[in-house]
Amino acid sequence: MFKVFYVAALIASLDRTKIMKKNKINILIIGKGGREHALAFKIAQSPKVNKIYCAPSNSGIAEIAEPVNININNIDALADFALQKNIQLTVVGPEKSLALGIVDTFEKKDLKIFGPSKKAAQIEASKSFAKKIMAKANIPTPKSETFTDINKANQYIKKQKTPIVIKADGLAAGKGVIICDTTQKALNTAGNMLVKNQFGKSGKKILIEEYAIGKEASFIAFCDGTNILPFPLSCDHKPAFDNNKGPNTGGMGVYSPAPFINKTLYKKIAETIILPAVKTMKKSGAIYKGFLYAGLIINNDNVKVLEFNCRMGDPEAQALLVRVKNDIIEIMEACIQEKLNKFTLDINKKASVCVIMASSGYPNKTVEKGALITGLEKITPKDNLFIFHSGTKKKNNNLTTNGGRVLGITALGNNIENASKKAYNAIKQISWKGAFYRKDIGKSREQHI
Ligand code: GLY
């Protein structure tokens with residue numbers, strides 16, 4: 001009798017688990033960087049999630065999500081995979097997949113996906129498109145002219161003051177913006193892009209832009225086509241070395257919030273820059289859904305937009321997502337369903353700092369790969385310390401380097417300085433041959449809001 005009761009109870013509990021699992025959703029994350037590791041970490045906290053897959057993933061993400069060996073550009077194969085595995089939400093990290101139209105392809109197949117359409121992703125994929133949107137929306141941005149003809153570009157350059165900025169119109173893996181200190185460097189840069197095909201098709205149109213001075217900050221928001229839900233401000237550090245020296249990278253470290261922006265200015269940016277951009281995109285037939293990222297330059301109360309990106313930042317994601325308390329799946333679904341106005345972001349008051357550890361040679365293409373990473377086992381990630389992987393790979397059970405940016409050591413603290421100390425204390429334990437990182441991320445003594 002007892003046995004019969006026991007078996008019946010077991011079957012009932014298995015059924016309950018099945019029903020619970022049935023109501024939970026399978027997620028596919030596209031990408032393989034620190035940003036996608038931070039997204040996977042945050043998504044895994046959602047009680048709505050059953051299983052997470054990531055294409056193509058990295059060693060850190062593989063601890064949370066099942067790796068899928070499909071390239072981020074192979075949109076049809078990704079859609080087939082999503083159909084086959086009953087994926088109910090796909091979250092896209094890199095701009096390349098968005099600019100190729102992954103959202104349009106998935107939506108045609110009735111697959112739910114978080115991110116902007118191909119048309120809306122032009123806000124990053126074409127800098128001249130972004131400038132047109134900013135002009136229509138009255139968004140302040142440094143003055144610029146667009147050129148496809150080298151002779152006209154050269155004539156224009158010769159009449160401008162230096163420094164001056166030359167930008168490839170299309171995507172260039174974060175390398176298409178060159179600050180030129182001299183007229184000669186500007187002439188060479190324009191020639192490299194327009195004549196010598198430095199960035200292929202992406203550099204066949206260029207923008208020549210006035211150089212703006214100020215403090216840089218990243219304003220990133222969830223968007224549902226009409227409404228926005230902004231994250232706190234964050235500050236990236238693009239140059240490779242301390243005191244902003246050396247070549248530009250994808251970002252060597254971030255702190256959040258930005259100490260030099262008060263609540264009034266934050267509100268003004270949301271109302272006079274981000275909302276008008278979203279409204280103008282809608283009017284232009286390019287409804288914007290997903291993460292919208294404005295790269296700002298701030299001089300006291302004077303704010304200008306340097307660029308828009310159609311995705312989360314990297315490493316901004318690492319520093320921002322550890323501060324979010326909400327269920328991120330609910331918010332992403334609200335963006336798709338155009339119901340974002342029903343949500344507010346619940347942000348941890350603690351400040352965060354993410355310090356990137358990179359491989360020798362970064363940001364050049366020829367970075368050393370395959371170096372053995374040691375010391376991670378000495379660190380116990382806790383509530384206030386997070387290790388996000390970018391270029392890592394397991395080889396014979398050993399963790400090795402597999403790219404330029406390798407790890408994002410991220411900490412929460414009572415203020416930026418305190419979070420920075422925690423991150424650098426953890427970094428002391430980690431090493432590999434050729435590892436380098438900036439020593440000045442979050443060392444600011446200013447108070448944050
Ligand atoms: N951290 C800069 C970017 O994501 O574009």
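Side chains included, hydrogens not; waters and symmetry mates left out as well; all remaining heavy atoms used. Because the structure is predicted, anything quoted here is derived from the model rather than measured.
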Colleague: Is Leu233 close to Phe219 at the side-chain level, that is, under 4.5 Å between some pair of heavy atoms?
Modeller: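 Answer yes - side chains close enough.
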Colleague: Who are the ring-ring contact (aromatic ring centres under 6.0 Å, His included) partners of Phe388, not counting sequence neighbours?
Modeller: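 ring-ring contact (aromatic ring centres under 6.0 Å, His included) list for Phe388, sorted by chain: His37, Phe41.
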Colleague: Should Ile274 and Pro230 count as side-chain neighbours, where that means a heavy-atom distance under 4.5 Å?
Modeller: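 The answer is no; the side chains never approach within 4.5 Å.
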Colleague: For a side chain to side chain contact (heavy atoms under 4.5 Å, CB included) with Leu98, tell me which candidate from Ile30, Asn309, Val92, Ile123 qualifies.
Modeller: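 Considering Ile30, Asn309, Val92, Ile123, a side chain to side chain contact (heavy atoms under 4.5 Å, CB included) with Leu98 is found only for Val92.
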Colleague: Taking atom types as modelled and ignoring hydrogens, do the side chains of Lys152 and Gln155 form a donor-acceptor contact shorter than 3.5 angstrom?
Modeller: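 Per modelled atom types, Lys152 and Gln155 side chains form no pair under 3.5 Å.
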Colleague: What is the minimum heavy-atom distance between Val355 and Ala423, and which atoms define it?
Modeller: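 Scanning both residues, the minimum pair turns out to be CG2-CB, 4.1 Å.
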Colleague: If we ignore hydrogens and angles and just use 3.5 Å, is the side chain of Asn58 paired with the main-chain N or O of Lys32 as donor and acceptor?
Modeller: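 Side chain of Asn58 to backbone of Lys32, a donor-acceptor pair under 3.5 Å: yes, one is there.
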Colleague: Taking distance alone, no hydrogens or angles, what donor-acceptor pairs closer than 3.5 Å link side-chain atoms of residues 287-300 to residues at least two apart or in another chain?
Modeller:
| from | atom 1 | to | atom 2 | distance (Å) |
| --- | --- | --- | --- | --- |
| Tyr288 | OH | Phe291 | O | 2.7 |
| Tyr288 | OH | Cys310 | O | 3.3 |
| Lys289 | NZ | Ile336 | O | 2.9 |
| Lys289 | NZ | Glu338 | OE2 | 2.9 |
| Tyr293 | OH | Ser218 | OG | 3.4 |
| Tyr293 | OH | Glu316 | OE2 | 2.7 |
| Asn299 | ND2 | Ile213 | O | 2.9 |

Colleague: Would you say Asp440's side chain and Asp242's backbone share a donor-acceptor pair under 3.5 angstrom?
Modeller: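 Checked: no pair found.
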Colleague: Report yes if the side chains of Trp432 and Met357 come closer than 4.5 Å at any heavy-atom pair, otherwise no.
Modeller: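 Trp432 vs Met357: side chains touch.
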Colleague: State the CD1-CG distance between Ile430 and Leu399, to the nearest 0.5 angstrom.
Modeller: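 So the CD1 of Ile430 and the CG of Leu399 are separated by 10.0 Å.
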Colleague: Show every donor-acceptor pair shorter than 3.5 Å between a side-chain atom in residues 80-87 and any protein atom, with sequence neighbours excluded, or say none if there are none.
Modeller:
none

Colleague: With no hydrogens and no angle check, just 3.5 Å: does a side-chain donor-acceptor pair link Asn71 and Asn74?
Modeller: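 Result is no, nothing qualifies.
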Colleague: May I ask you to decide if Gln198's main-chain N or O and Asn192's side chain share a donor-acceptor pair within less than 3.5 Å?
Modeller: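 Not at all, since once roles are kept as given, no pair shorter than 3.5 Å links the two residues.
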Colleague: Have Asn188 and Gln184 got a donor and an acceptor in their side chains that come within less than 3.5 Å?
Modeller: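 Distance-only check passes for Asn188 and Gln184.
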Colleague: Using 0.5 Å steps for rounding, measure from the CD1 atom of Ile70 to the SG atom of Cys54.
Modeller: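 Reported to 0.5 Å precision, the distance equals 11.0 Å.
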Colleague: Just checking Lys132: does its NZ atom have more than 12 heavy atoms from other residues, nucleotides or ligands closer to it than 6.0 angstrom?
Modeller: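 No, because the 6.0 Å sphere around NZ of Lys132 holds 12 heavy atoms or fewer from other groups.
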Colleague: Kindly give the heavy-atom pair with the smallest separation between Arg323 and Ser352, and that separation in Å.
Modeller: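 So the two residues come closest at CD-OG, 3.5 Å.
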Colleague: Measure the CD1-CG distance between Ile72 and Leu100 for me, rounded to the nearest 0.5 Å.
Modeller: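 Here the rounded value is 8.0 Å.
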Colleague: Would you find more than 12 non-hydrogen atoms of other residues, nucleotides or ligands less than 6.0 Å from Asp149 atom CG?
Modeller: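 Check passes, neighbour count above 12.
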Colleague: Taking all non-hydrogen atoms of both residues, which atom of Met193 and which atom of Gly176 are closest, and how far apart?
Modeller: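 Smallest interatomic distance, heavy atoms only, reads CE-O, 3.8 Å.
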Colleague: Can you tell me how far the SG atom of Cys335 sits from the CZ atom of Phe114, to the nearest 0.5 Å?
Modeller: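 Answer for the SG-CZ pair, Cys335 versus Phe114, is 4.5 Å.
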Colleague: Can the positive tip of Lys439 be found less than 6.0 Å from the middle of the six-membered ring of Tyr437, inside 45° of the ring normal?
Modeller: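 Yes, Lys439 sits over the ring of Tyr437.
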Colleague: What distance do Lys185 atom NZ and Ile166 atom CD1 have between them, rounded to the nearest 0.5 Å?
Modeller: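 Taking NZ in Lys185 and CD1 in Ile166, the distance rounds to 10.0 Å.
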Colleague: For Lys433, check salt bridge (charged side-chain N to carboxylate O under 4.0 Å, His left out) against everything at least two apart and list the hits.
Modeller: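 Per chain and number, Lys433 pairs via salt bridge (charged side-chain N to carboxylate O under 4.0 Å, His left out) with Glu368.
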Colleague: Name each donor-acceptor pair under 3.5 Å that joins a side chain in residues 102-113 to protein atoms two or more places apart or in another chain, with its distance.
Modeller:
| from | atom 1 | to | atom 2 | distance (Å) |
| --- | --- | --- | --- | --- |
| Asp104 | OD1 | Lys118 | N | 2.8 |
| Thr105 | OG1 | Gly101 | O | 3.3 |

Colleague: With a 6.0 Å cut-off (strictly less than), is the heavy-atom count around NZ of Lys96, excluding the residue itself, greater than 12?
Modeller: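 No, not enclosed.
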Colleague: Which distance, rounded to the nearest 0.5 Å, do you find between the CG of Leu89 and the CD1 of Ile25?
Modeller: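 With rounding to 0.5 Å, CG (Leu89) is 5.5 Å from CD1 (Ile25).
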Colleague: Of all heavy-atom pairs between Leu194 and Ala153, which one has the smallest distance, and what is that distance?
Modeller: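 Looks like CD1-CB, 4.1 Å.
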Colleague: Which pair of non-hydrogen atoms, one from Pro315 and one from Gly253, has the smallest distance, and what is that distance?
Modeller: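 That would be CG-N, 4.0 Å.
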Colleague: Do Asn244 and Lys238 have side-chain N/O donor and acceptor atoms under 3.5 Å apart?
Modeller: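 Short answer, no.
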Colleague: Which heavy atom in Ala190 sits nearest to a heavy atom in Asn154, and how many Å separate them?
Modeller: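 Distance-wise, the nearest heavy atoms are CB-OD1, 4.4 Å.
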Colleague: Tell me, do Met312 and Ile220 make a side-chain contact under 4.5 Å, heavy atoms counted?
Modeller: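 In short, these two side chains touch, coming nearer than 4.5 Å.
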Colleague: Checking Arg438 side chain against Phe241 main chain: does a donor-acceptor pair fall under 3.5 Å?
Modeller: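 It does hold such a pair.
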Colleague: Just checking Lys279: does its NZ atom have more than 12 heavy atoms from other residues, nucleotides or ligands closer to it than 6.0 angstrom?
Modeller: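 Open: at most 12 neighbouring heavy atoms sit under 6.0 Å from NZ of Lys279.
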Colleague: State, yes or no, whether a side-chain contact exists between Phe129 and Asp169 at a heavy-atom distance under 4.5 Å.
Modeller: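 A side-chain contact under 4.5 Å is absent here.
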Colleague: When you check the side-chain N and O atoms of Thr162 and Asp181, is any donor under 3.5 Å from an acceptor?
Modeller: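 Result is no, nothing qualifies.
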Colleague: Once side chain to side chain donor-acceptor pair (under 3.5 Å) is applied, what residue pairs with a partner in residues 138-147 remain, sequence neighbours excluded?
Modeller: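 Every pair satisfying side chain to side chain donor-acceptor pair (under 3.5 Å) with a residue in residues 138-147: Lys131-Thr141.
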